[in-house]
Amino acid sequence: MQVNKHHEKVVIIGSGPAGLTAALYTARANLSPVVIAGPQFGGQVSLTHEIENYPGFPGGSGPDLIEIMKDQAEKFGARIDMDVALSVDLSHGSPFTVKTGNSEYLADTLIVTSGASPRLLNVPGEAELTGRGVSYCGTCDGFFFRGKKVVVVGGGDSAIKESLFLTRFVTHIDVIHRRDTLRAEAALQQRARENDKIDFIWNTVVEEIKGDDKGKVTAVRLRNLQTGKTWDHPTDGVFIFIGHDPNNSLFTGQLAMDEHGYVITDKMMRTSVDGVFAAGEIQDPLWKQVATSVGQGCAAAMAAEQWLAAREGAAPAVPEIKAAIES
Ligand code: NAP
C-alpha cells in the first residue's frame, strides 16, 4: 500500500476536547496542525448524551460540542486525519515519527491527547457478553434496552449520569456499588435518589456475568462485601462505569508515566521528551472534565508554539522553556 509521508510542525494525537483545542490554538498560530483522530472521533465526549457543565455551552450533546470544536479549528487551518496512530517513535528527538494506517508523519512537535478508555470489570462472562447485554456506553446502547431491566456498576459521576439517561428507556435500574456512599457529585446523586426507576445495591460487587445459550445476558452473580452472601440477580443488561485507564500503549517506555499509567507533565504540559507535550485525560488522573481538558489543550498548544519559536531563533516568551531546550 502507498504510504503518504508528511513533515509537519505540529501533530496532535487524539481528537477530544484537549486535542481539538490544541488544534485551534496551533492553527491560529499559523502552524497548520494535523489531528490524528483516533478510533473514536471526539473521544469519550462523543459518547456523552448531554453536556451541562461546559461554560458557554448550556446544553447539548457531546457530538454537537465536538462538531463545533472541529469546525472552529478547521476554520483556522487545522487538518483532521480520520486515521488511527499505530506507532510512535520518540527515540531520536524532534522530528518524531508517527505512523498511521495510511500515512507516516515527521512531527517537529507532538501533542499527545489520546485520552482514556473505560475500565473493565475483568469478571467471567464480561468479554463474551460485551455487545450482547454488556455495555460501557449508555448513550450508544440505551435504546436497545427499551422496556427492560438493567444493572449499572459503579458509584461515580459516569455511573449516576448514565443511569439517569438510561431511565428514558428501561423500566428499572439497580446501581451496584462496592461501598455505601456514592462518589458522584451531589446534584447527580439527588436526581438519582429521587428517580423512581433507580434503586441501589450497596457494598456489593459483580463476580460473574451470566448469559443464556443464545449468548444474551440473563443475570449477574453478586457478592455482598460485608456479609459475604452471594446470589444471582436477574437482569437484561449490564452497564459498567467504573472509571477509565489512560490510552498510553503507544508511549510505553518512551514517555515517563506515573504508577497508574498517566503521562507525567509539568505546568507547561511538557512531557519527559523535549518537544512532546500532553493534555487531557492521558495526563490527568484527577479532574477529567471537558473544561479542564480544554484548558490543558490550550496550554499545551501555546507551549508547543513557544517551543518551536525558541528553536527557530525567535525570542522564547517563557524563560523556563528556553532553559529546557538548552539543557
Ligand atoms: P470514577 O469517578 O473513578 O468512579 C468510578 C466508580 O467505580 C467509583 O465509584 C468506584 O468505586 C467504582 N469502581 C472502580 N473500580 C471498580 C471495580 N473494579 N469494581 C467495582 N466498582 C469499581 O470514574 P467516572 O465516574 O468514570 O468518572 C471519571 C472522571 O470523569 C471523574 O473525575 C468524574 O468527575 C468525571 N466525570 C464527570 C461527569 C460530569 O458530568 N461532571 C460525568 C462523567 C465523568 P469507589 O467509589 O469505591 O472508588
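Remember, it's 1-based here, ligands and their atoms both numbered in the order they're listed.
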Residue selection (non-hydrogen contact nearest [atom]) among [options]:
atom                    : options                : value
atom 22 (C) of ligand 1 : I242, T181, L120, I176 : I242
atom 27 (O) of ligand 1 : A116, S158, G156       : S158
atom 48 (O) of ligand 1 : Q289, R183, E281       : R183

Where the side chain of T227 meets the backbone of K229, is there a donor-acceptor pair that is under 3.5 Å apart? yes

So, is G155 polar-close to ligand 1, with some N/O to N/O distance under 3.5 Å?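 Yes: some nitrogen or oxygen of G155 is under 3.5 Å from one in ligand 1.
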
Using a plain distance cutoff, I'd like to know if R119 has any nitrogen or oxygen under 3.5 Å from a nitrogen or oxygen of ligand 1.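 Looking only at distances, the answer is no, because the N/O contact criterion of under 3.5 Å is not met.
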
Ligand-residue contact atoms, ligand 1 with [X], heavy atoms, under 4.0 Å:
X    : value
L286 : 32 (O)
R179 : 45 (P), 46 (O), 47 (O)
E185 : 41 (N)
H244 : 26 (O)
G243 : 5 (C), 23 (O), 26 (O)

Run through the side-chain heavy atoms of Ile, Leu, Val, Met, Phe, Trp and Tyr, join any pair under 4.5 Å, and report what else lands in L286's cluster. W287

So does E207 pair up with R223, basic N to acidic O under 4.0 Å? yes

